[in-house]
K.L.:
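Sharing a structure, written as structure tokens. Questions coming.
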Amino acid sequence: METASNIIGPAESVLASFMGPPVHVALDYINPVMNAVFDGLFMVLSFASPAVVLVILSALIGVLMLLIWRYTSNQKAIKDVRNQIAAHLLATRLFKDNLAVTFRAQRKIVTQALRLLVHSIKPMIIMFIPFVLLMSQIGYHYEFRPFHPGERIHVVATLKPGLDDAALLGPGSTLKLPEGLSADRFDPCRAIPIRTADWRLTADRPGAFPLVFGQGSDTLELVVHVSDPAQTDADGFVRVSAVRGGTVLDRVLYSADPSIPESSIYESIQVRYQHRTTPILGYKVHWLLSLFVLSIVFALVFKPFMKVHI
Amino acid sequence: MSHNPKLSQDIRPHRRVFRCVLLAAAFFLTCTSIADAYIGPGAGFAVASSLFVIFWTIILAVINLVFWPFRWIVRAIRGRHAFARSEIQRLVILGLDGMEHTLAEKYMADGKMPNLKRLAELGGYKLLGTTTPPLSPVAWSSFLTGVNPGKHNIYDFLNTDRRNYTPFLSSVDIQSPTKTLKLGKYVIPLNKPAIRLLRKGKPFWNTLGEHGIFTSIIRVPITWPPEKCRGVVLSAMCVPDLRGTQGLFSFYSTRSDSAEHTGGEQIRVKRVGDTIRTEIIGPENSLKPSAGAMKIPITVEIKSKDLAVLKIDGESFDLRPYVYTPWVTLKFKAGPGATVSGICRFMLVSIEPEFELYAMPINLDPEKPAMPISHPQAYSTYLAKRYGPYATLGLAEDTWVLNEGLVDDGAFLDQCISIDAEREQQFFDALENTKRGLCVCVFDGTDRIQHMFWRYLDDTHPAHPKRLDPNYTPNGYETAIEDLYLRMDELVGETMKRTLKDDKTMLMVISDHGFNAFRRGIDLNVWLIENGYMALKPGAKLGFRYLSEVDWSKTRAFALGLAGLFINVKGRESKGIVEPGAEAQKLKDEIIAKLTGLKDPQDNQPAIRRVFDKDKCYQGPFRDTAPDLVIGYHRGYRVDWDTAIGKVTDAVFHDNTKAWSGDHCIDPELIPGVFFCSHRIRSESPRLMDLGPTALKLFGVNIPGNMDGRPLDIDTGRQPPKGAVAPAVATA
């Protein structure tokens, strides 16, 4: 997720220019609701370990996916296509001595598979946006882990384009450090061409520490989480927000904090957390992969009961 | 076009939202690296499975290509040079059950059947000798084995159990699993139920298969249970319904009078407001015998005078008068995790004044059949997946419901036409997949429609609508049989188009027998009583079934089934009194003499043309199971309905007023089938049982010595290749 902004190429800037405002407005409404719902959900699930919670979430997502799929896709057409694929697969077995029939059946299988893909587009598009929001909420708890005492914390503030160098040298590089975090050197490292100011901090003790950037009325806050490494399970349910502000995509992926006001000199503020791994059955797997596989497995298990064709 | 500014203003915000959603989706989809991860579970479903299918197909194609040469070598060795001595590459036999030659000739002469006429001109057309008796199970058994009934053991739909004088299905015997495990109230079968084919003899396509020739056999009667062969077989006649019968319909009615129906059951339902709740009765629960029959609750909600909604297992189906629903899958729960699947179609007969709903017999689900109905077993699944559910019941067209007068002619006709349409898909699919080898398909609609609509062709028929209803006015079904022949002609035309593109394929269009009127039924048991050959128990009341009130100690002969008479032979029948040998023969001769030329007192015309002695008309090891005498009725006559099921009535002759008004259970000489061929037929008097040997000869395969049929001389335009067989034929 931290590389999101780097990966997105010119497409984003073109689309963002006319997509940005409505999406920002929409997210201002959606994000608080999503945050509240998921905070509540994680509070309810806090009795279990992060791995167990991930399994439960996968099951819920599997069911949700099936429901959305059922009501947004052309179930009859998908069933027909699936039947055709199965029929042609059987044909390759039944008429295996006839090479022409076998190849014709295989050609039809590929054609039907492509049709299946076409039938998937509509539900895929409809499912995409809510699932991105859903994933970002889960990502807060599983993508990064809080810092541990003694670890180095890398903080980057990016200013809006068009500001003069003075903004970066002056108020833009002001950081109010809370107790519990310390800095080797209070002055940030500034990169004027890319409008950023970097701080290297150290976590002194566990806790949630608000970093306050800027001066006067133009200040922004971002909380840094530091936890005791001995209590790893407890870490699982700490909502770790690594970015505030940024591009439209950043706003979608990191929706825990409110948007940066239009009048602010900051474009975004990032804290570079360490990635977390949530072991499932002893295997260290990225949470997204676990969720991906498990939710599909659950969906396949529930599919016959919910009478959904996928 | 007028423009409404207000309307466009109203729409604008929605369009904007829609555009935003589309753009947002497009935006996220362009950010592929992130999108791939977050699209994950949502679309991962489809994308992953589609890609997997494509990937798997490519792997399969590669495996096929790699292994094909090896398979070809193995096949060549095992197949003993299949097609090396063959005169043709493909033989297609299209069976039109019961096509009557007089009608076919008439319609061809009138120019109404141009395709069959063209086929006759292209190759040839002859009458095709049928079997004694000319019944479909007998005739098709002789067709597929190339032998007389004495060798294939099928003489009728039913045979008689000599131990207790009761009828049983002649072609198949189903036994429950012999090993079971009792767990509380559940009985778990440890082996499969035994389904034994009683038809003897080997289908000629099995002989072809042994020589490496691929065959596709679609719905040829008496192929259930399906036998292994090199190719595919979809079974037909005698495949039971899910309840184990040969077709039991259900008729739901709010009528208070309880009626008994042959071939079906009437279920009384109660209408509460606009809702009717009832159950579909399925098969007995063999896992939990104490539970009785398995049932599925259904609800019908009446929406208007001509619309109701049928709800089954969470699915809804619109019901409109005289319109069939599509096939509905019914899953009967036998126990935890155990279901038995069937398919059924429903038709609303009326909503007011009485609610009436007709449910066809529950067919085995071809996708997951409770019993094997094809070889390989996956073939029935393949067809169901490819073309959707289809009728699997042996006698798929429900003639009984029309015979019982519960639905009208149109409803039955629709059913037949839709079943023929399913068959057509299966046939053309088989043609597509059998570019070399044998393809046989039988259409039964011709038989069923003629059985039920012959009364319209014959205004002297007791069941002609004008005789039953003085106010009768033509209703359009007068041409049902002509329309049927025309439809079949179109089928032949389409088949010719698909098969006769080159000279490698030979097309035969055949029927197993012809058709005629069934105006009067003859109760042979009454005749036997009147002539002193049979006696009833003292005080016996008429109306009994299966000869239960017959005094066997005084009975020398009895009739059961459609085909003929049995002598009550001592040592063979459990209560036999006629000494075998000379006494039995004398009795047979006596009955033959008396029955031959039996006259109908109504018009003094002969009703029985000939009586066949089984010892003279059959040869083979299974001759003893045949009826001792087979009756060759005259045109217009047949055995009476009641005699067939062992009832005794009060008169020898009865008018047949049922819709089942045409039949073919008469003297076989009067009712030959048809034989059209795309190549010139040089042989005179071809017979149905000659076609199997002919097929073997055409493919250059030796004809087994036990076959009674002779290979026909058909001009293939090619000299038989060197080494072609001079078949050893045992003539009948």
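Computed over heavy atoms, backbone and side chain alike; hydrogens, waters and symmetry mates excluded. Letters A, B, ... are given to chains in the order of the sequence lines, protein chains preceding strands, and every chain is numbered from 1.
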K.L.:
Please state whether the side chain, the backbone, both or neither of A:K96 comes within less than 4.5 Å of a heavy atom of chain B.
P.N.:
both

K.L.:
Which of parallel (below 30°), tilted (30 to 60°) and perpendicular (above 60°) describes A:H286 and A:H275?
P.N.:
tilted

K.L.:
If you look only at pairs with a residue in residues 107-116 of chain A, which of them pass as a side chain to side chain donor-acceptor pair (under 3.5 Å), with sequence neighbours excluded?
P.N.:
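Output for this query lists A:Q112-A:R115.
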
K.L.:
By a 4.5 Å heavy-atom criterion (distance strictly below it), what part of B:T434 contacts chain A: side chain, backbone, both, or neither?
P.N.:
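Interface part for B:T434: neither.
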
K.L.:
Give, as side chain, backbone, both or neither, the part of B:E315 having an atom under 4.5 angstrom from any heavy atom of chain A.
P.N.:
neither

K.L.:
Is the A:F302 ring parallel, tilted or perpendicular to the A:F298 ring (thresholds 30°, 60°)?
P.N.:
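Answer is parallel, since the angle falls under 30°.
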
K.L.:
Angle class for the B:F83/B:F699 ring planes (parallel below 30°, perpendicular above 60°, tilted otherwise)?
P.N.:
perpendicular

K.L.:
Examine whether an atom of A:D97 lies under 4.5 Å from a heavy atom of chain B, and if so say whether it belongs to the side chain, the backbone or both; otherwise answer neither.
P.N.:
both

K.L.:
Who among A:L99, A:L90, A:N98 has the most heavy-atom pairs with chain B under 4.5 Å?
P.N.:
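Option with the greatest count: A:L99.
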
K.L.:
Classify the angle between the aromatic ring planes of A:F42 and A:H141 as parallel (below 30°), tilted (30 to 60°) or perpendicular (above 60°).
P.N.:
parallel

K.L.:
Contact part of B:F67 toward chain A, heavy-atom cut-off under 4.5 Å: side chain, backbone, both or neither?
P.N.:
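It is neither, since no heavy atom gets under 4.5 Å.
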
